[in-house]
Amino acid sequence: MIRVRFAPSPTGSLHVGGARTALFNWLFVQHARAAGEAAAFILRIEDTDRERSTDAFTKVILDGMTWLGLTWDEGPLFQGANGDRHRADARRLLDAGKAYEDGGAIRFRVPAEEVAWDDAVHGPISFHGKDVEDFVILRADGTPVYNFAVVSDDIAMRITHVFRGDDHISNTPKQILLYRAFGAPVPVFGHVPMILGADGKKLSKRHGATAVADYQHEGILPQAMANFLALLGWNPGGDRELFFDVRDMIAAFTFEGVLKKASVFDPKKLEWMNAEHLRSLGAERVAGLIGDALAGVEPARAVELVAAVLPRARTTLDVAHRTRLRAGLDPVVLEEKAAAFIAADPAGYRAALRDVVELLAGAPDWTPAPLEAALRALAERRGVKVGAVMQPVRVALIGALVSEPVNELLAVVGRELALERLRAAAEG
């Protein structure tokens, strides 16, 4: 039976790199199950660092995984609860002469033999025991060192595959030697390359948000985040980038497709991918996602508002902001470029709006087609390009230079609110 584990330390939030590692493990298990194999995904919390580990961080990690849809079959299991077994395992090696006491600590006796494995990502990798010093496995206070605790736990949990970041490659020889010393099967190892920022350096807070929870709060959909993370270091073959159904991603995922080189985290691509996922949901489902933002708005009206902004929205926060503005729930605040547009010709801006108000005040049909015809006719009478009429209207209604077509914008804002905003801006 295939058994894999994700083993985060509760000393911080669930970050992008950890989330991707968890996702790859989860996809591997789900792919195996889809092929008819027995497989389990185990969540182990490595909380042996008592000073830095907190229940709050544990909750953040669990919440982040749940948000991403990464359900686990066993756990969460806590490494800190395994102290008695860790000490007993260290004693076993000591009694077998494979470890020795060094002052108050116990050190593993490294044999002078080759340590090699066929990495699931990088292929054959080898070290030699003579290049690895005898290392501590149990401290004087009876607490285990990381490499020893991991092996003790993985053996006890019958872990068959260990997929993790390639910053752990240097730990693998020590761990394989410990497996051999215990006479236990060595799992398949696979080390995933790191994630870099746009500057080519390891992703960190200086590049912006790195915790999964940050993206959740910024209006990123969990399915879009999972899609994006999967493609950070995995090539499903061909040019496919969008997986709107997680079952398609599960079917395509294999470690043969995991890349050997580091991946670059591109926030703009994440936003693009999120926008595609938003549109795939449709206006009715997205309206449900932002229900709190449109509290008090009739359901049919909410769907109409969302449908108007969805083609240009990138996040759920973006959808909420745009719809609230069009619904009259938020006031118009000029964006920088819109303010500059007005400043370039304030008198002309107000004059155009006065003509628009006079034209539309008695419009018999407030729907896109007749509204467009009326505005085009006004531009022709004034002897100006259509944009010279349309753009002032757009700025007055939403405070921006980019939106859906102005006739559609007028229609979705509605006669009463639109005329109110146009008059206020014309008198401004």
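The pair R240-D248 meets the salt-bridge criterion, with a side-chain N (NZ, NE, NH1 or NH2) lying under 4.0 Å from an Asp/Glu carboxylate O. With salt bridges taken as basic N to acidic carboxylate O contacts below 4.0 Å, none links R376 and E380. We find that R3 and D73 are not joined by a salt bridge, their nearest charged nitrogen and carboxylate oxygen being 4.0 Å or further apart. Of the charged side-chain nitrogens involved, at least one lies within less than 4.0 Å of a carboxylate oxygen, so that D245 and R247 count as a salt-bridged pair. A salt bridge links K59 to D63: at least one charged side-chain nitrogen sits closer than 4.0 Å to a carboxylate oxygen.
With values rounded to the nearest 0.5 angstrom, N82 atom CG is found 10.0 Å from T48 atom OG1. To the nearest 0.5 Å, atoms CG (L409) and CD1 (I398) are separated by 5.5 Å. Rounded to the nearest 0.5 angstrom, T316 OG1 and L289 CG are separated by 7.0 Å. Note that CG of L178 and CD1 of I137 are 7.0 Å apart. Values are rounded to the nearest 0.5 Å. To the nearest 0.5 Å, atom OG of residue S152 and atom CD of residue Q175 are 12.0 Å apart. For the atom pair I290 CD1 and R322 CZ, the distance stands at 12.0 Å (nearest 0.5 Å).
Here the closest heavy-atom approach between residue G399 and residue A338 is recorded as O-CB, 3.3 Å. Heavy atoms only, all atoms of each residue included: A19 and L229 are closest at CB-CD1, 3.8 Å. Taking each heavy atom of A308 and V412 in turn, the nearest pair found is CB-CG2, 3.8 Å. Annotation for P124 and D118: closest pair N-OD1, 3.5 Å, computed over non-hydrogen atoms. Summarising the geometry of A181 relative to F108, their closest heavy-atom pair is CB-CE1, 3.7 Å, with the distance given to 0.1 Å. Minimum interatomic distance between A116 and I176 (heavy atoms only, all atoms of both residues): O-CD1, 4.5 Å.
In terms of modelled atom types and a separation under 3.5 Å, the side chain of N235 and the main chain of V258 share no donor-acceptor contact. Using a distance-only test at 3.5 Å, with no hydrogens or angles considered, a donor-acceptor pair links the side chain of H217 to the main chain of A213. Between the side chain of R350 and the backbone N or O of E427 there is no donor-acceptor pair closer than 3.5 Å. Between the side chain of R312 and the backbone N or O of S403, at least one donor-acceptor pair lies under 3.5 Å. Side-chain N or O atoms of D166 include none that pairs as donor or acceptor with a backbone N or O of I169 at under 3.5 Å. Panel note: side chain R20, backbone A230; no donor-acceptor pair is recorded below 3.5 Å. R314 contributes no side-chain N or O that, together with a main-chain N or O of I220, makes up a donor-acceptor pair within less than 3.5 Å. Looking only at distances, no side-chain donor or acceptor of N227 sits under 3.5 Å from a matching main-chain atom of Q223. No donor-acceptor pair under 3.5 Å is formed between the side chain of S53 and the backbone N or O of T11. The backbone N or O of T21 sits less than 3.5 Å from a side-chain atom of N25, completing a donor-acceptor pair.
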Next on the checklist: Set out, in order, the CA-CA distance, both residues' side-chain angles and the distance that settles side chain to side chain contact (heavy atoms under 4.5 Å, CB included) for L203 and M194, then state yes or no.
Outcome noted: CA-CA 8 Å; L203 191 68; M194 69 177 65; over 6 Å; no
Item to check | Stepwise salt bridge (charged side-chain N to carboxylate O under 4.0 Å, His left out) test for K269 and E241 | outcome: CA-CA 11 Å; K269 185 169 185 178; E241 291 188 300; 2.4 Å; yes
Next on the checklist: Is there a side chain to side chain contact (heavy atoms under 4.5 Å, CB included) between V393 and L410? Walk through the geometry before answering.
Outcome noted: CA-CA 9 Å; V393 174; L410 281 164; 4.0 Å; yes
Checklist entry - How far apart are the C-alpha atoms of E358 and R423, what are their side-chain angles, what is the distance that settles it, and do they pass the salt bridge (charged side-chain N to carboxylate O under 4.0 Å, His left out) test? => result CA-CA 10 Å; E358 182 180 352; R423 288 191 179 103; over 6 Å; no
Next on the checklist: Pair R5, D153 - check salt bridge (charged side-chain N to carboxylate O under 4.0 Å, His left out), show working.
Outcome noted: CA-CA 10 Å; R5 47 75 166 176; D153 288 348; over 6 Å; no
Next on the checklist: For a side chain to side chain contact (heavy atoms under 4.5 Å, CB included) check, start with the C-alpha distance between E404 and R326, then their side-chain angles and the critical distance, and finish with the verdict.
Outcome noted: CA-CA 12 Å; E404 61 268 40; R326 285 156 178 77; 3.0 Å; yes
Item to check | Test side chain to side chain contact (heavy atoms under 4.5 Å, CB included) applied to Y349 and F341, step by step | outcome: CA-CA 9 Å; Y349 170 72; F341 172 81; 4.0 Å; yes
Next on the checklist: Please determine whether ring-ring contact (aromatic ring centres under 6.0 Å, His included) holds for the pair H161 and F163, giving the CA-CA distance in whole Å, both sets of side-chain angles, and the decisive distance to 0.1 Å.
Outcome noted: CA-CA 6 Å; H161 296 71; F163 301 126; 5.8 Å; yes
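Partners of D141 by side chain to side chain contact (heavy atoms under 4.5 Å, CB included), not counting sequence neighbours, listed by chain and number: R139, T143.
You'll find the side chain of R164 reaches within 4.5 Å of the side chain of V162, heavy atoms only. Within the 4.5 Å cutoff, side-chain heavy atoms of H168 are placed close to those of H191. V4 has its side chain out of reach of I159: every pair of non-hydrogen atoms, C-beta onward, lies at least 4.5 Å apart. In this structure the side chain of K174 never reaches within 4.5 angstrom of the side chain of F127, judged on heavy atoms. Side-chain atoms of V297 and L329, non-hydrogen and from C-beta on, do get closer than 4.5 Å to each other. At a threshold of 4.5 Å between non-hydrogen side-chain atoms, the residues L23 and L68 do not count as touching. Using a 4.5 Å heavy-atom threshold, the side chains of R394 and P392 count as separate. Between L375 and V386, every side-chain heavy-atom pair lies at or beyond the 4.5 Å cut-off.
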For residues 40-47, tabulate all N or O donor-acceptor pairs below 3.5 Å that involve a side-chain atom, not counting sequence neighbours.
| unit_1 | atom_1 | unit_2 | atom_2 | d |
| --- | --- | --- | --- | --- |
| R44 | NE | E46 | OE2 | 3.3 |
| R44 | NH1 | D154 | OD1 | 2.7 |
| R44 | NH2 | E46 | OE2 | 2.9 |
| R44 | NH2 | D154 | OD1 | 3.1 |
| D47 | OD1 | Q79 | N | 3.3 |
| D47 | OD1 | G80 | N | 2.6 |

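Taking the six-membered ring where the residue is Trp, the centroids of F148 and Y179 are separated by 6.0 Å or more. Aromatic ring centroids of W234 and F24 lie 6.0 Å or more apart.
Sorted by first and then second residue, the pairs that involve residues 327-344 and meet side chain to side chain donor-acceptor pair (under 3.5 Å), not counting sequence neighbours, are R324-D330.
Taking a 6.0 Å sphere around CG of D55, one finds it holds 12 or fewer heavy atoms contributed by other residues, nucleotides or ligands. In this structure, R285 places its CZ atom where only 12 or fewer heavy-atom neighbours from other residues, nucleotides or ligands lie under 6.0 Å away.
Between the side chains of D119 and W117, at least one donor N or O sits under 3.5 Å from an acceptor N or O.
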